[in-house]
Amino acid sequence: MGEQVRVRIAPSPTGDPHVGTAYQALFNYAFAKGRGGKFILRIEDTDQARSTKESEDAILESLRWLGLQWDEGPDIDGPHGPYRQSERLAIYRQHAESLLKAGHAYRCFCTRERLDKMRTRQGPDTGYDRHCRNILPAESDKRASAGQPFVIRMKIPGEGVCVFQDLLRGEIRKDWALVDDQIIIKSDGFPTYHLAVVVDDHLMGITHVIRGEEWINSVPKHVKLYEYFGWDLPIFCHLPLLRNKDKSKLSKRKNPTSINYYRRAGFLPEALLNYLGLMGWAMPDGEDKFTLQQMLANLQLEKISLGGPVFDVDKLRWLNGRYIREDFSPRALQEKLESWALNRERIGRIIPLVQPRLETLADWGHLTAAFFADEVPFDPQQLKIKGKAPQEVAEILQFSVWRLEEQGGFSAKALDALFRNMAVTLELKLRDLLAPFFVALSGRRVWTPLFDSMEILGSDMVRMRLRRAIEALGGVSGKKLKKLEKEYSVLFGRRD
RNA sequence: GGCGCCAUCGUCUAGGGGUAAGGACACCGCCCUCUCAAGGCGGAGACACGGGUUCAAUUCCCGUUGGCGCUACCA
């Protein structure tokens, strides 16, 4: 009997809770629970600029909604806490110090300017030129204590080849010469992913590192760190990446990726989970519909197929339909509908908006339909702003999507300010600017007050409908997007 | 560009040296039916290409091509 299985999901709280996170969480969870192991949630918030508490809360909430309950996490203390990396800074610093002392790492005092210059000089292919690698320790200490800013880099061998095992792919090898002297502590004192993940996975007793394929190329860095620390390697298992229809990595521009969107659009957590379970894996009997319990009882990681699966909303809808038809009595469905949207709370928020516009009680139906829908049908011809070409309207909608993404809260008041500001910036009358939003969000030119309605609809659904409108206007191509981003940063300030 | 990973119907997949290459979504047709769904039945639809290995390759090996990913003081 080997040691107990311990796995983790380690999301970075930098945006909407992503279905890719749910996908990774599902396989980690099912693997651990299938063999009496533990499933740990760790928040990787080492990017100070992009991490937010709202995002973290949303991620926890959506994983709970899916029913993937963790055994240890930021809100459930365990023997290896804290489970938020920003609260573990001392641990990383201490480990970085030990590498420094052992000569496995060094301070790098290079400025951004020097690095930029170096890169343009030698092209983008070669990594850091190891300029600071040979600074004598005494000298390094002196400069550091003199207050000169620095990062800490790990030493990577100049030659030889790194060989490691991936549970699904077998042996993988990569020349050390192609690996960079990775920064492990940033100048703000925070660790980068590579240090933090290795230290935490070890300290938290993680036995199987199950994560996305995008990490394969950094495994050598991790392997080296394990070696420097004298720790045993966990088992690496890199899952394929979920894809858009065009096979690129699943992205919100081409697909709904926010778990909250699916929730709002009326998908059931068990159906979404089941669908995700079909990505790269199949039940032994080939049955498409299965419960989490059945999945964890049957999951064998080795059986996962490696072609990147395309996320097909149509099949998800079909599966979701099966759950609705097969697993609910009319009574149970009624309750489900009530908890989803047909409840006093939600209807209570809508009433004040429609009451002034009601001539008969029956007008309720068409006036509020958009609040209970996923897609709303609209006539693309009506997505107009006075004096603007359709393509310009699409660009303005794209700007608004970006602005809304940056928007912390989603209150009517904040939206009011946001759109007024946008109207001024774009030199448009608010009324003209808003016209296509009414159409995109409700399918009609007139609706209940926009900002209040948006608040009720929620950020995810609003942005989804705006993206659909952008598509209907011919979309924004990749090339065009770059240009637009520049324009955007001029008009509204930097965006990342 | 460099490096890494990957490759069965349009999509998700099963399979594996000798199969009629199986299932599901989507699509088409028929049945059921007050409509539409659902359901039933049927249809069309795949082993990327080229070399090996072998009595025999879709399956094993190599190459090509293609796709994706990584190439940040982001994860």
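Quick caveat: nothing in here was measured; it's all calculated off a predicted structure. Chain identifiers are assigned alphabetically (A, B, ...) following the order of the sequence lines, protein sequences preceding nucleic acid strands; residue numbering begins at 1 within each chain.
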Residue [X], side-chain atoms from C-beta onward, closest of [options]:
X: Trp215(A); options: A75(B), C73(B), U11(B); answer: A75(B)
X: Asn217(A); options: C5(B), G69(B), A24(B); answer: G69(B)
X: Asp47(A); options: C74(B), C73(B), U13(B); answer: C74(B)
X: Lys249(A); options: C73(B), C70(B), A75(B); answer: C70(B)
X: Ser12(A); options: C73(B), C5(B), A75(B); answer: A75(B)
X: Glu44(A); options: A75(B), C6(B), U13(B); answer: A75(B)
X: Leu115(A); options: A75(B), C73(B), C70(B); answer: C73(B)
X: Met279(A); options: A14(B), C12(B), C73(B); answer: C12(B)
X: Leu278(A); options: C12(B), G2(B), C6(B); answer: C12(B)

Quick check on [N]: is either OP1 or OP2 less than 4.0 Å from any side-chain nitrogen or oxygen of [X]?
X: Lys186(A); N: A75(B); answer: yes
X: Lys247(A); N: A7(B); answer: no
X: Lys303(A); N: A14(B); answer: no

Watson-Crick or G-U wobble partner of [N], both distances under 3.5 Å:
N: G4(B); result: C68(B)
N: G63(B); result: C49(B)
N: G17(B); result: none
N: U58(B); result: none
N: A38(B); result: none

Whole-Å distance between [N] [atom2] and [X] [atom1]?
X: Asp288(A); N: A24(B); atom1: CG; atom2: C1'; answer: 4 Å
X: Ile156(A); N: U71(B); atom1: CD1; atom2: P; answer: 14 Å
X: Ile216(A); N: C6(B); atom1: CD1; atom2: C1'; answer: 9 Å
X: Arg243(A); N: U11(B); atom1: CZ; atom2: P; answer: 12 Å
X: Leu242(A); N: G67(B); atom1: CG; atom2: P; answer: 20 Å

Which is it for Asp181(A) and Tyr106(A) under the side-chain hydrogen bond (donor to acceptor under 3.5 Å, both in side chains) test, yes or no, and what are the steps along the way? CA-CA 10 Å; Asp181(A) 272 8; Tyr106(A) 58 95; 2.5 Å; yes
Atom pairs and distances, donor-acceptor, side-chain atoms in residues 203-212 of chain A, under 3.5 Å, two or more places apart:
{"unit_1": "Thr207(A)", "atom_1": "OG1", "unit_2": "Arg6(A)", "atom_2": "N", "d": "2.9"}
{"unit_1": "Thr207(A)", "atom_1": "OG1", "unit_2": "Arg6(A)", "atom_2": "O", "d": "3.2"}
{"unit_1": "Arg211(A)", "atom_1": "NH1", "unit_2": "His238(A)", "atom_2": "NE2", "d": "3.0"}
{"unit_1": "Arg211(A)", "atom_1": "NH2", "unit_2": "Tyr193(A)", "atom_2": "OH", "d": "3.2"}
{"unit_1": "Arg211(A)", "atom_1": "NH2", "unit_2": "His222(A)", "atom_2": "ND1", "d": "3.3"}

Using a heavy-atom cut-off of under 4.0 Å over every strand shown, decide if [X] touches base, sugar-phosphate, or nothing.
X: Ile172(A); answer: sugar-phosphate
X: Gly286(A); answer: nothing
X: Cys110(A); answer: base
X: Thr46(A); answer: sugar-phosphate
X: Val310(A); answer: sugar-phosphate

Tell me which donor-acceptor pairs under 3.5 Å the side chains of residues 182-192 of chain A have, and how far apart each pair is, sequence neighbours excluded?
{"unit_1": "Gln182(A)", "atom_1": "OE1", "unit_2": "Lys221(A)", "atom_2": "NZ", "d": "2.7"}
{"unit_1": "Lys186(A)", "atom_1": "NZ", "unit_2": "Thr46(A)", "atom_2": "O", "d": "2.8"}
{"unit_1": "Asp188(A)", "atom_1": "OD1", "unit_2": "Phe190(A)", "atom_2": "N", "d": "2.8"}
{"unit_1": "Asp188(A)", "atom_1": "OD2", "unit_2": "Gln48(A)", "atom_2": "NE2", "d": "2.8"}
{"unit_1": "Thr192(A)", "atom_1": "OG1", "unit_2": "Ile183(A)", "atom_2": "O", "d": "2.7"}

On the side chain of Arg169(A), is there an atom forming a donor-acceptor pair with the base of C5(B) - under 3.5 Å, no angle test?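 Per atom types, no contact qualifies.
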Distance-only donor-acceptor test (3.5 Å): side chain Thr192(A), base C73(B):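 Not at all, since no donor on one side and acceptor on the other fall under 3.5 Å apart.
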Aromatic rings His202(A) and Trp231(A): how do their planes relate, parallel, tilted or perpendicular, breaks at 30° and 60°?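 Rings of His202(A) and Trp231(A): parallel, under 30°.
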Using the ring of Phe378(A) (Phe, Tyr or Trp, six-membered ring only), decide whether Arg444(A) places NZ or CZ under 6.0 Å from its centre and within 45 degrees of its axis.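 Output no; distance or angle outside limits.
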Can you confirm if the NZ or CZ of Lys289(A) lies within 45° of the ring axis of Tyr323(A) and under 6.0 Å from the centre of its six-membered ring?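 Yes, a cation-pi geometry holds between Lys289(A) and Tyr323(A).
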Mapping Trp281(A) and Ile185(A) onto RNA chain B by nearest heavy atom, which one lands closer to the 5' end?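 Closer to the 5' end of RNA chain B: Trp281(A).
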Does atom NZ of Lys33(A) have more than 12 heavy-atom neighbours from other groups under 6.0 Å away?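 Check passes, neighbour count above 12.
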Selection: residues 314-326 of chain A, any non-hydrogen atom under 4.0 Å of RNA chain B: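 Those residues whose heavy atoms fall under 4.0 Å from RNA chain B, taken from residues 314-326 of chain A in numerical order, are Asp314(A), Lys315(A), Trp318(A), Arg325(A).
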